[in-house]
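All ligand and atom numbering here is 1-based and tracks the order in the structure. Worth saying up front: this structure is predicted, and the values here are computed from it rather than measured.
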Amino acid sequence: MTTTEPSRQATTSSPAPARITLFAGLVGVVTALVTLAVAEVVSLLLGGRGNPILSVGSLVIDLTPGGLKTLVIDVFGTADKIFLFVVLGLVVVALAVAVGIVQLRKPPYGITLLLVVGLIALVASVTRSEATAIDGAPVLIGVAAGVIVLRLLVRRLEAWESAAGARSAAGTSMRTPDATAISFGGAGQPRRQFLTTLIVAGVASAVVAAAARAMSAATTAANTVRESLRLPAAASPGPLIGTDATLDVDGISPFVTANADFYRIDTALQVPAIDSSSWTLKITGMVEEELEITFDELLALPLQERWITLTCVSNEVGGDLIGNALWLGYPIRELLARAKPDSGADMVLSTSQDGFTASTPLAVLTDENTDALLAVGMNGEPLPLEHGFPVRMVVPGLYGYVSATKWVTELKVTTFEQDEGYWTSRGWTARGPIKISSRIDTPSSRTPVSAGTVAIAGVAWAQHTGIAAVEVSIDGGQWRAATLATAVTADTWLQWSYAWEATSGDHEVRVRATDRDGTVQTASEAPPAPDGSTGLHTVTVSVD
Ligand SMILES: Nc1nc2c(c(=O)[nH]1)N[C@H]1C(S)=C(S)[C@@H](COP(=O)(O)O)O[C@H]1N2
Ligand SMILES: [Mo]
């Protein structure tokens, strides 16, 4: 009896320690999966920024001594990256198992270990080239989720352990390890709760992580294709912008909006990643001949380069949802001419790969004098992914929601009666001509200026009609003509400036534009919905 007593004692107070340790290890692995899945999703939403696996991988590459790197490349050749990720994977699994076991046996040191590993990944993420603080978000949010799941799972595992312990302490036959296992396994509800949580969290995060990784990989692949693309020169180049097209005023919007600064509006949670070599555009619907064109066929056509200012219908008066770029593309009217629209058609419903649709008047797209483009280039490069790679529409004079379909894959010739675009079914108008407007870029209400001559300057637009005049009024006084830059085309915005003799005090500066048809920008205020904002941009400037 005395010889069996100690072992029996151990079994009853802590049943099946090996088994529970194994589950604690699994808890750690599931914690790691959840952490990585959340981080992958956040990284995906940030357009691939701050990916923990890629960041840590590249940190390891940076930190690996040259000799070792050469050795690995010698041994594994082009599989060197796979080798790296296999090693990283094994290290992650080992650390994960440790996190789970330590958290069960020596809380809270499992969490501490998770935080330390997270800190390393955080450092890796924010120190990669071109990384900013935002690149730390995926790891931070991922680790936060990991801590929550770790605590939950360990609590449930403990509940199972103590329920099983209580049972076997009160139990009868504890002679064999097998009997222990059965009694332990039979701890009913806490056991089921633990296992369900473990399996659900594990499976869900594995699926989500794999999907997010695959989507990120598609983005990376599309970016690689994009970077290796060489666009042909334009058969019809856009007008050169002379020095008179820009005014030299500090704080004025540059005539050309850089791609990186161009506003972005779309309904895509994840930017579509399209490989240009598999892209096609179909022209369907009310046409004599349906047709389909590939990217290479499109590039082989004589392309035009056009300066066109794109504007969002949601732009408030004085807002920044507007940008001007040099677009390279093929006139949509030429493709429509090939398809031969039926005489009863009056609209083209363009569809993007992600399902967004826009309704554009057929008459605008077939107009000889409107350069509506199927664009492939933006300011001398292929379209950035978020601006529609590989192909989008750009139509002078119409708000983006009824014309500027990015990632476009189909043009359906139809009627306004039969079909409607994405935003029309949500209360915006079916047709959306851009309203004349003007904006004061400088001075701003935030920065006081000194008394004396102050340059008031900004941009004005009346796409496709052109700006004839811009006027400024101070404190409700007389409208005075501003100086205009030379218009590049009627389809772009125009810079203007006005030399103001500012006296000290607060002053209200107001601007209005007039187009070449003589229409004066109205002072009457309207919100963006349903067809674009109106009113005059007004800035209160304090003068010292
Ligand atoms: N596929 C797709 N294209 C789209 C949209 C969209 O949501 N999805 N939004 C439109 C709107 S409302 C505007 S204002 C412009 C903005 O283009 P940008 O993001 O290149 O500036 O794209 C248009 N094209
Ligand atoms: Mo828009």
- Shell of residues surrounding ligand 1, defined by a 4.0 angstrom heavy-atom cut-off that is strict: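 Shell around ligand 1 (4.0 Å, heavy atoms): Phe262, Tyr263, Arg264, Ile265, Asp266, Thr267, Leu310, Cys312, Ser352, Asp354, Phe356, His387, Arg392, Gly400, Tyr401, Ala404, Thr405, Lys406, Trp407.
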
- Task: Please confirm whether Trp428 and Tyr399 have ring centers closer than 6.0 angstrom.
- Result: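 When the ring centroids of Trp428 and Tyr399 are compared, they turn out to be at least 6.0 Å apart.
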
- Item | Within 45° cone and under 6.0 Å: Arg480 NZ/CZ vs Tyr498 ring |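 Pair Arg480/Tyr498 does not count as cation-pi.
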
Does atom [atom1] of [X] have more than 12 heavy-atom neighbours from other groups under 6.0 Å away?
{"X": "Asp475", "atom1": "CG", "result": "yes"}
{"X": "Asp517", "atom1": "CG", "result": "yes"}
{"X": "Ile134", "atom1": "CD1", "result": "no"}

- Message: With salt bridge (charged side-chain N to carboxylate O under 4.0 Å, His left out) as the criterion, how do Lys282 and Glu410 come out once you've worked through the C-alpha distance, each side chain's angles and the decisive distance to 0.1 Å?
- Response: CA-CA 5 Å; Lys282 289 188 181 70; Glu410 185 184 347; over 6 Å; no

